[in-house]
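These numbers come from the heavy atoms of this one structure, side chains and all, not from hydrogens, waters or symmetry mates. Every number for a ligand or one of its atoms is a count from 1 in the order of the listing.
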Amino acid sequence: MPSTTDATAPRVAIVGATGAVGTTLLRLFAERDYRYRSLALVASSRSAGRRLEVEGAEHTVHDLSAFDFSAVDIAFFSAGTTVSEKWVPVATRAGALVIDNTNAFRMDPATPLVVPQVNAAELARRPRSGIIANPNCSTIPLVRLLRPVHERWGLTRAVVSTYQAASGRGLAGMEELRETTRLSLADPGEVVAGERFQPALAFNVVPFIDRLLETGFTLEEQKMTQESRKILGLPHLDVTATCVRVPVLNCHSEAVWVECAEPVDRAELVSLLAAQPEVKVHDLERPGRFPTPRTAAEADLVHVGRVRVTPQNPRAFWLWLVSDNLRIGAALNAIQIAEHLRQVDWTPREEATP
Ligand code: A2P
């Protein structure tokens with residue numbers, strides 16, 4: 001039972017509690033026995049008053065616009081960037097520490113961008129902004145693999161193509177993929193329009209996620225470059241991506257090409273990756289084996305396969321990775337940050353300034 005009277009356990013709020021990441025976070029609270037003193041479920045006015053059962057206890061969903069953060073130690077935000085831009089400052093002004101899953105504050109110098117397996121040291125002191133940012137869903141598994149490679153061989157370049165699932169656009173995105181797939185099967189000649197995905201995702205791949213920037217890159221692609229640099233502490237790292245939405249319900253995949261300063265030995269590389277926490281290498285002994293979104297069973301592991309050093313350039317290698325974007329790419333990373341906060345010597349809550 002995660003609810004506890006232990007005075008050191010935090011009072012928690014989840015903003016976006018009815019959404020894809022919020023509901024995953026609630027599941028992880030139970031699975032990981034994350035202890036809280038109180039739990040507030042917060043969403044839009046559309047859901048206000050709904051009753052949700054969490055670990056045998058009934059909770060009423062609060063309307064964010066009327067919610068008071070003054071009795072909250074840690075607020076998890078997963079309701080979209082515009083919601084975070086407006087309401088995270090309200091939560092921090094009320095003294096809560098925010099773990100924000102959106103793009104709103106990731107590049108703010110006063111806000112650490114944290115993947116606990118990579119840069120937990122960023123959590124040594126309370127962030128000046130009162131916010132800890134959770135990185136983009138494709139960046140998290142990538143940097144977890146790049147970090148040890150950099151330490152061993154020195155990274156010079158990384159080129160990534162992503163294959164991103166519909167759940168990255170929330171529960172409505174998953175439903176839209178199911179619905180447009182049903183419609184396309186019923187009438188293959190019909191051009192099915194999408195709302196969350198344009199053009200429609202059913203039987204399609206779409207090399208466009210988030211919005212287009214002046215550079216010709218999408219914001220999603222820029223996030224992967226900027227966030228990888230910030231998390232790895234390599235501000236000039238040449239890392240670039242093409243981000244593609246694919247008709248998969250959940251789990252992002254990435255084809256990653258990495259170039260290092262020194263020649264890479266495949267056997268050493270696979271052992272190094274396999275030794276990382278919560279990473280499973282599928283072609284450890286037999287080259288060529290690979291995970292897929294449908295077959296990678298353990299959802300809390302980063303799955304790696306197809307590890308191959310390029311014969312024409314032994315300083316470079318390819319790998320394929322699969323990772324659950326709702327868990328590893330969002331809710332699991334957030335709860336691992338919160339779990340880490342139990343070990344620090346500062347309290348998440350700061351008394352609100354009058
Ligand atoms: P609601 O269910 O009331 O719309 P997803 O990522 O699956 O689309 O979920 C988004 C989450 O963010 C949901 O919990 C949703 O609540 C919440 N949300 C969306 N817009 C707002 C808003 N303006 N204020 C508060 N919560 C919001």
A quick test of your reading: do over 12 heavy atoms of other residues, nucleotides or ligands sit less than 6.0 Å from CZ of Arg342? yes
Which label fits Phe69 and Phe67: parallel for a plane angle under 30°, tilted from 30 to 60°, or perpendicular past 60°? perpendicular
Tell me which residues fall inside the under-4.0 Å heavy-atom shell around ligand 1. Gly16, Ala17, Thr18, Gly19, Ala20, Ala43, Ser44, Arg46, Ser47, Leu64, Ser78, Ala79, Val83, Gly170, Leu171, Arg196
With sequence neighbours left out, which residue pairs that include part of residues 189-216 fulfil the side-chain hydrogen bond (donor to acceptor under 3.5 Å, both in side chains) condition? Asp210-Lys223
Show me the donor-acceptor pairs, under 3.5 Å and distance only, between side chains in residues 284-294 and residues at least two apart or in other chains.
from   : atom 1 : to     : atom 2 : distance (Å)
Thr292 : OG1    : Arg294 : N      : 3.3
Thr292 : OG1    : Thr295 : N      : 3.1
Thr292 : OG1    : Thr295 : OG1    : 2.7

Derivation and outcome, side-chain contact (heavy atoms from CB on, under 4.5 Å), residues Gln164 and Val246: CA-CA 6 Å; Gln164 296 183 221; Val246 296; 5.8 Å; no
Using the ring pair (Phe, Tyr, Trp, His ring centres under 6.0 Å) criterion, which residues pair with Trp320? Sequence neighbours excluded. Tyr163
